Amino acid sequence: MQATSDMVNAALTGAPDLARLPGRDLVEVARYLIPLEANLVQGCLAASGVPAVLADAHLVQTDMLLAPALGGVRILVPHDHLQQAQAVLEAFARGEFALGDDADVGE
């Protein structure tokens with residue numbers, strides 16, 4: 001119990017080791033019922049320089065009938081990248097990441 005209170009006190013006082021615990025600053029920016037769509041958007045975010053992670057993707061892929069009950073696949077980004085991620089999501093919705101018919105995607 002003492003170790004926990006020491007961690008909280010250190011975090012509140014700004015101790016560099018404990019102030020920012022990994023994974024504590026992630027914010028949900030989107031949800032998708034289809035995991036493939038979530039993977040596509042995550043790739044667009046990553047290509048734009050936004051570190052994004054998927055939550056519940058494997059669980060939803062295991063049983064697609066559970067996707068609506070679970071709320072789908074969540075895309076999480078660090079709070080520091082929230083505005084950039086929202087701009088990328090808006091660009092994705094406008095179709096700015098779509099490939100043209102004459103796009104060279106290899107063989």
Side-chain angles (χ1 to χ4, degrees):
M1 187 65 168
Q2 181 62 28
T4 304
S5 65
D6 289 342
M7 290 175 58
V8 170
N9 289 335
L12 293 175
T13 59
D17 294 340
L18 300 173
R20 287 197 90 144
L21 297 173
R24 297 287 177 150
D25 66 339
L26 294 178
V27 179
E28 179 182 315
V29 293
R31 284 181 183 248
Y32 292 91
L33 290 178
I34 301 172
L36 184 60
E37 289 180 24
N39 281 308
L40 182 64
V41 173
Q42 180 199 21
C44 292
L45 286 164
S48 299
V50 178
V53 295
L54 298 180
D56 303 326
H58 296 292
L59 187 59
V60 170
Q61 284 179 337
T62 301
D63 189 351
M64 290 291 292
L65 295 174
L66 291 177
L70 295 172
V73 179
R74 297 176 293 143
I75 299 179
L76 308 172
V77 300
H79 190 269
D80 299 345
H81 292 86
L82 182 59
Q83 289 181 347
Q84 185 182 1
Q86 290 171 339
V88 171
L89 290 172
E90 290 169 4
F92 182 82
R94 288 191 303 266
E96 292 183 19
F97 288 96
L99 295 176
D101 291 335
D102 60 344
D104 183 17
V105 294
E107 295 181 41

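Keep in mind that this is a model prediction, so the values were computed, not measured.
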Heavy-atom check, side chain of L54 versus side chain of N39, under 4.5 Å: yes

Close side-chain approach of Y32 and V60, heavy atoms under 4.5 Å: no

Cluster link L82 to L26, ILVMFWY, side chain under 4.5 Å: no

Minimum side-chain heavy-atom gap V29-V77 below 4.5 Å: yes

Closest non-hydrogen atom pair, V53 against Q42: CA-NE2, 3.9 Å

Non-hydrogen side-chain atoms of F92 and L45 separated by less than 4.5 Å: no

Single-linkage hydrophobic cluster, 4.5 Å side-chain cutoff, L59 and L76 together: no

Shortest non-hydrogen contact between G71 and L33, atoms and distance: C-CD2, 4.4 Å

Neighbour count >12 (heavy atoms, 6.0 Å) for atom CD, Q83: no

Residue pair L70, D56: steps toward the side-chain contact (heavy atoms from CB on, under 4.5 Å) verdict: CA-CA 8 Å; L70 295 172; D56 303 326; 5.7 Å; no

Co-membership, hydrophobic cluster, residues V73 and L40, 4.5 Å side-chain: yes

Distance in Å, I75 CD1 paired with R31 CZ, rounded so as to fall on 0.5 Å steps: 11.0 Å

Side chains of P35 and M64 in contact at under 4.5 Å (non-hydrogen atoms): yes

Taking every non-hydrogen atom, the tightest pair across S48 and Q84: O-NE2, 2.8 Å

